[in-house]
Amino acid sequence: METVSVAGLRIAYRTAGSGPPLVLLHGAYEDGRVWQDQLDDLSDEFTVIAWDAPGCGGSDDLADGAGSLGELLAGLLAELGLADGGAKPHVLGLSFGSVVALDLWQHHPEIPASLVLASAYAGWAGSLPPEEVERRMLQATAELDKPPSEIIPAWLPTLLTARATGEMRARVSRLIEDFRPSGMRALLAVAGRADYRPVLPTITVPTLLLYGAADVRSTVAVGEDLQRRIPGSELVVLPGVGHMSFIEDPAGFNGAVRRWLRGRGAGYG
């Protein structure tokens, strides 16, 4: 794991491989470790970069006035030489990470070569009924005062299906055990009620929407709504898997990403 300073914050990231840059943005209660299968597999063809979002893993908590999440990501990419008109990165955001990807597009549309939005939302408020947004906000806020041992049993059935192995469940559990309440509280404050629906029609780069058929948190119907709103976007549904499809079916997930990026043409741009 390496770190850089962006807007006065320490931002941690992992990188592997060489080739067209592929940036991975994790979901809530996680950090860049969640992408280990992708760092191992996709690094044979891509320079894979997995950040720890502010408030997660090895990164500092989000500070007042530090800028939006998309701007902080742009700062990291600038430090890595990927935001100055050179090799444009492909940006893959999962769940909460999809909100970061959309925020990056909103503030810096010149940066991404393409977007992959997996188990994605246009923000909770942009994809869910108001009562469900409030339910999730209340649940998440209440959980910040509870030990992880009480949170994990409630979260796992919404993240993984019954087909997930014990090792997969243990892996996700270990990540949730390490979350920082202070970090999550700051992220909820800036992104919990986000609505990126106005941003979707402005997207002009190739966009893949990747969903698990059995996802109960961000359903295929949410993906279909995004597909209608994002011009020219493509929707791929992975059978039999849930919200964390990249863990339940890494071969299917990685294969879908790899095939789609190859289809972008020379230089995968």
Side-chain angles (χ1 to χ4, degrees), residues 1 12-17 22-46 48-53 55-59 90-101 115-121 136 140 143 148-149 151-179 184 187 208-220 222-223 235-261:
M1 188 173 65
Y13 66 97
R14 295 161 178 80
T15 186
L22 173 61
V23 179
L24 306 180
L25 311 174
H26 61 81
Y29 292 98
E30 302 159 17
D31 58 53
R33 291 174 297 168
V34 78
W35 295 113
Q36 193 58 57
D37 290 333
Q38 288 66 45
L39 286 161
D40 290 342
D41 181 40
L42 294 174
S43 57
D44 68 338
E45 191 168 351
F46 303 94
V48 185
I49 302 157
W51 87 331
D52 288 357
C56 304
S59 294
H90 302 282
V91 178
L92 191 165
L94 174 99
S95 189
F96 161 76
S98 69
V99 173
V100 180
L115 297 174
V116 180
L117 305 177
S119 305
Y121 308 96
R136 292 191 183 195
E143 286 172 344
S149 60
I151 299 173
I152 292 169
W155 272 85
L156 281 184
T158 73
L159 301 175
L160 301 168
T161 68
R163 68 175 275 179
T165 65
E167 188 279 330
M168 293 173 184
R169 294 174 185 278
R171 179 175 161 192
V172 175
S173 297
R174 287 194 296 270
L175 286 166
I176 297 176
E177 285 173 354
D178 289 343
F179 93 93
M184 281 304 304
L187 292 178
L208 173 65
L209 304 167
L210 191 53
Y211 284 74
D215 190 346
V216 297
R217 290 195 61 81
S218 185
T219 65
V220 172
V222 172
L235 174 64
V236 171
V237 179
L238 298 174
V241 293
H243 198 63
M244 302 185 87
S245 57
F246 66 107
I247 284 181
E248 284 198 66
D249 183 14
F253 184 95
N254 295 350
V257 171
R258 192 187 295 271
R259 287 189 297 272
W260 188 80
L261 290 179

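It should be emphasised that the depicted structure is a prediction, and the values quoted were computed from it without experimental measurement.
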Please report the shortest heavy-atom distance between A50 and G32, naming the atom on each side.
CB-O, 4.1 Å
Strictly by side-chain hydrogen bond (donor to acceptor under 3.5 Å, both in side chains), give each pair with a member in residues 210-220 just once, sequence neighbours left out.
D215-H243
What closest approach, in Å, do G58 and A12 show between heavy atoms, and which atom pair accounts for it?
C-CB, 3.7 Å
Contacts of I151 that satisfy side chain to side chain contact (heavy atoms under 4.5 Å, CB included) - sequence neighbours left out:
E143, K146, W155, I176, F179
Could you grab the distance from atom CG of L209 to atom CG of L117, nearest 0.5 Å is fine?
5.5 Å
Contacts table for residues 244-255: side-chain donor-acceptor under 3.5 angstrom, sequence neighbours left out:
from	atom 1	to	atom 2	distance (Å)
E248	OE1	T161	OG1	2.6
E248	OE2	T161	N	2.9
E248	OE2	G242	N	3.1
D249	OD1	G252	N	3.0
N254	OD1	Q38	NE2	2.9
N254	ND2	D41	OD2	3.0
N254	ND2	P250	O	3.3

Closer than 3.5 angstrom, by distance alone: can the side chain of S59 be matched with the main-chain N or O of G55 as a donor-acceptor pair?
no
Here the pair of heavy atoms bringing P239 nearest to A213 is CA-CB, 4.0 Å
Contact check, side chains of V116 and W260, non-hydrogen atoms, under 4.5 Å:
yes
For the backbone of D52 and the side chain of R14, can you confirm whether one donor and one acceptor N or O come within less than 3.5 Å of each other?
no
Nearest atoms (heavy-atom pairs only) where V91 meets A101
CG1-CB, 4.0 Å
Please check: side-chain N/O of H26 versus main-chain N/O of A53, any donor-acceptor pairing under 3.5 Å?
yes
Taking all non-hydrogen atoms of both residues, which atom of A214 and which atom of G240 are closest, and how far apart?
CB-C, 4.3 Å
Looking at every heavy atom in both R33 and R171, which two are closest together, and how far apart are they?
O-NH2, 4.4 Å
Considering only heavy atoms from C-beta outward, does the side chain of L94 approach that of E30 to under 4.5 Å?
yes
Contacts of Y121 meeting side-chain hydrogen bond (donor to acceptor under 3.5 Å, both in side chains) (sequence neighbours excluded), chain-then-number -> R136
For A140, enumerate each residue passing the side chain to side chain contact (heavy atoms under 4.5 Å, CB included) test, keeping only those at least two apart in sequence or located in another chain.
Y29, L188
What pairs with D40 under salt bridge (Lys or Arg N to Asp or Glu O under 4.0 Å), at least two apart in sequence or on another chain?
none
Side chain to side chain contact (heavy atoms under 4.5 Å, CB included) partners for R259, two or more places apart:
A256
Just how far is it from atom CG of L238 to atom CG of L210, taken to the nearest 0.5 Å?
4.5 Å
I49 side, atom CD1; L92 side, atom CG - distance, nearest 0.5 Å
12.5 Å
Here the gap from S149 atom OG to E177 atom CD, rounded to the nearest 0.5 Å, amounts to 8.5 Å
